[in-house]
Amino acid sequence: MIFLPFFNRILAFRSVLKVLILYILLIFATHSFAQNSKQKTTSETVVQELLEKANSLTHTDPAQSLAYLNRALKHKDEISDAQLLFLYKIGTVACINQQSNMQALDYGYKALALQKKIDPSQMHFIYNNIGCVYMQLSDTEKSRELLNLSLKGLKESIANGTLKEKEVEAYLVYSNLAVIEIESKNYVKALEMLHIYKKQSIRLKDTAGIIITYQNLSNVLYNLKQPDSSRYYSDRGIELSKKKNSRDDLAYLYYYRGYNNRETAKDTAVYYLEESFKLGEELNLSDVKLSTSKALANLYEGNNDYKRSNYYLRIANTLSEKNISEQNKKKTELLEFENEQKIKQQEALLETQKRENLLLFGFILLVPVSVIGFLMYRLQRIKAIQRKVENELLVQKMESKNKELTSNAIQILQANEIIDYTQKGLSQLKTSADTPANRMLTQIISDLKNGNQSFNKKEFEKLFIETDEDFYKKLLHKYPTLTKNEIRLCAFAKMNFSTKEISAITQQSSNSILVARSRLRKKIGLEENQSLTVFFRSF
């Protein structure tokens, strides 16, 4: 009980300190959040500009497009998932156009995983892009599998009314599937796909798509033994390519036109193949150069022009060796990529298992912790109940002491009255007694006064301290210069004792007590009109 006020002050200080720490942490967290939000907003703006530039160059300058993307990738941890997905999509297309197939697959699969998280209904765009990569890698089966997934997703998206982005990109899957079917010599199936793609390209006014469709239709119809229709679409494609200055498409159209005329019109075939070869050299289209050089070598050999035939044959052999080397390199890279993907999948699986084990361990740990927490809660409840009971007992004890104190004060007053009456009687008796008796009576009267005064002071102070020990401690802490008599006077004031009652207990005159009260007011800084009892009861 002696250290309770000090302990309470410590608890109060700790509470204030906790609130202050929480306030500081809140300010710091708010500031950090604001800074992060500001940094994120700035990064998103920068990345958006880079992505727009990269997107505009995916077909015309894929190398520069990838350069912009690499700059944007430096901020990948500071941008939204939507921006990161857009980045991966652009990266896939740019790498396809640059024939960086492994990088294209890496971007493609990252985009696929992110698209699945954001909006699975739009995954068909990415399936189409990844299918194109496998087409460039000559992995027909894998390409067909992914393109069919893209077509399935496209049909579902159309049926659900959730088709997004450019519709042109969505329908490219028909053209890509047609190419797969042409390579597999399923010309009827290819023709079906091309007619669908042509219809959508015309509807969407997609010139590039229309040119590609004419080129493929010409090739398919030639293989279906429909030469007139083949030439019709070839001429339409050449005319449109010249109009739009699409020289890459023109090189391929010239090749197919020349190749398809090599038996019926050799001179015409040589003309178109020569034009295709020139464009192939100018545009560095190695596949066009290889195909045209082979066809020209055979045509010149048939015309007995062995010099020209050997020239193109040497070019064809050189390009074939280079092509075989590149194909082997692509196959090696693909195997390495697939192995890396398997390793990543295994690592992801292990990481998932670790997380699951950690969650299981956390759950197992949570049970005893919860039990301990519950027991601690129950213990705190029991302690709280115990403290409540102790406080009630303490209140009862204090009430009992207060009653005892009041009773003692009444008894003292009654005793004082009896003693006063006795002293007066003895004083009267003293006047009529002889000298030895006088001395004895004087001694008796003196002993009565001193004994009663000592008894009153000691008994009252003992009872008051037991009743309100905290009051004494607070009083001494705030006013350490108070004398014992002044402290006693403070206690009397708190108990609302009158001047007469204090005079009876302390054996002091009423005037002395009034003077002492006045001095006490000055010492503790109270005005004359302020009540000591009111002050100390709220102390």
Side-chain angles (χ1 to χ4, degrees), residues 58 81-82 84-97 99-186 188-201 204 206 209 212-213 216 330-331 333-335 337-342 344-345 348-349:
T58 49
D81 284 348
L84 189 59
L85 174 60
F86 188 40
L87 188 154
Y88 288 148
K89 283 183 177 180
I90 296 171
T92 306
V93 175
C95 288
I96 289 171
N97 292 330
Q99 295 190 341
S100 301
N101 296 312
M102 296 306 108
Q103 186 64 44
L105 285 177
D106 185 53
Y107 278 131
Y109 281 114
K110 284 178 179 177
L112 193 65
L114 204 52
Q115 183 69 72
K116 187 175 182 180
K117 174 184 173 184
I118 296 172
D119 184 4
S121 69
Q122 304 303 308
M123 290 169 66
H124 57 93
F125 290 99
I126 303 167
Y127 280 133
N128 178 66
N129 289 337
I130 299 175
C132 288
V133 181
Y134 280 106
M135 191 188 298
Q136 287 190 164
L137 290 166
S138 302
D139 191 340
T140 305
E141 291 306 313
K142 188 69 175 177
S143 178
R144 189 194 302 276
E145 176 190 343
L146 289 160
L147 291 173
N148 281 325
L149 284 173
S150 176
L151 183 59
K152 180 183 177 183
L154 172 63
K155 289 178 178 178
E156 289 175 355
S157 185
I158 293 170
N160 297 330
T162 58
L163 187 61
K164 296 179 181 179
E165 300 184 38
K166 293 181 181 178
E167 290 183 278
V168 172
E169 295 176 6
Y171 290 102
L172 273 172
V173 62
Y174 285 106
S175 179
N176 293 329
L177 278 169
V179 173
I180 292 290
E181 299 301 342
I182 291 170
E183 290 179 356
S184 302
K185 298 184 179 181
N186 298 325
V188 176
K189 185 70 175 175
L191 192 63
E192 177 188 344
M193 294 289 175
L194 287 170
H195 279 308
I196 295 171
Y197 185 58
K198 182 184 75 169
K199 179 182 177 182
Q200 297 299 333
S201 297
L204 297 169
D206 177 23
I212 292 171
T213 307
N216 288 327
K330 287 179 181 178
K331 288 179 181 178
E333 288 176 348
L334 181 59
L335 286 171
F337 177 79
E338 289 175 347
N339 287 331
E340 286 176 2
Q341 292 301 312
K342 288 177 182 178
K344 287 179 180 179
Q345 288 175 1
L349 183 62

### Leu85 side, atom CG; Ile126 side, atom CD1 - distance, nearest 0.5 Å
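Here the rounded value is 5.5 Å.
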### Query
Could you state the interatomic distance from OG (Ser175) to CG (Leu194), rounded to the nearest 0.5 Å?
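Reported to 0.5 Å precision, the distance equals 6.5 Å.
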### Among Val179, Leu172, Leu177, the one residue meeting side chain to side chain contact (heavy atoms under 4.5 Å, CB included) with Leu147
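By the side chain to side chain contact (heavy atoms under 4.5 Å, CB included) criterion, Leu147 pairs with just one of Val179, Leu172, Leu177: Leu177.
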### Message
Going by side chain to side chain contact (heavy atoms under 4.5 Å, CB included), Ile96 matches just one of Ile130, Val133, Leu105. Which one?
### Response
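For Ile96, the side chain to side chain contact (heavy atoms under 4.5 Å, CB included) test succeeds with only one of Ile130, Val133, Leu105, which is Val133.
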### Query
Do the non-hydrogen side-chain atoms of Thr162 and Asp119 ever get within less than 4.5 Å of each other?
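In short, these two side chains do not touch, never coming nearer than 4.5 Å.
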### Ser184 and Lys189, any side-chain heavy atoms less than 4.5 Å apart
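Of all side-chain heavy-atom pairs linking Ser184 with Lys189, none is under 4.5 Å.
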[X]: partners by side-chain contact (heavy atoms from CB on, under 4.5 Å), with sequence neighbours left out:
| X | answer |
| --- | --- |
| Tyr171 | Leu154, Ile158, Leu163, Glu167, Tyr174, Tyr197, Gln200, Arg203, Leu204 |
| Glu156 | Lys152, Asn160 |
| Lys117 | Asp81, Leu114 |

### Message
Would the distance check show the side chain of Asp106 and the main-chain N or O of Met102 forming a donor-acceptor pair, the cut-off being under 3.5 Å?
### Response
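Side chain of Asp106 to backbone of Met102, a donor-acceptor pair under 3.5 Å: no, none is there.
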### Task
For Ser143 and Gly131, indicate whether the former's side chain and the latter's backbone hold a donor-acceptor pair under 3.5 Å.
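Side chain of Ser143 to backbone of Gly131, a donor-acceptor pair under 3.5 Å: yes, one is there.
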### Message
Assess the residue pair His124 and Lys155 against the criterion (side-chain contact (heavy atoms from CB on, under 4.5 Å)); give the C-alpha distance rounded to whole Å, side-chain angles, the decisive distance to 0.1 Å, and a yes or no.
### Response
CA-CA 9 Å; His124 57 93; Lys155 289 178 178 178; over 6 Å; no
### Query
Using the ring of each side chain (for Trp, its six-membered ring), is Tyr88 parallel, tilted or perpendicular to Tyr107, with breaks at 30° and 60°?
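Ring orientation of Tyr88 relative to Tyr107: tilted.
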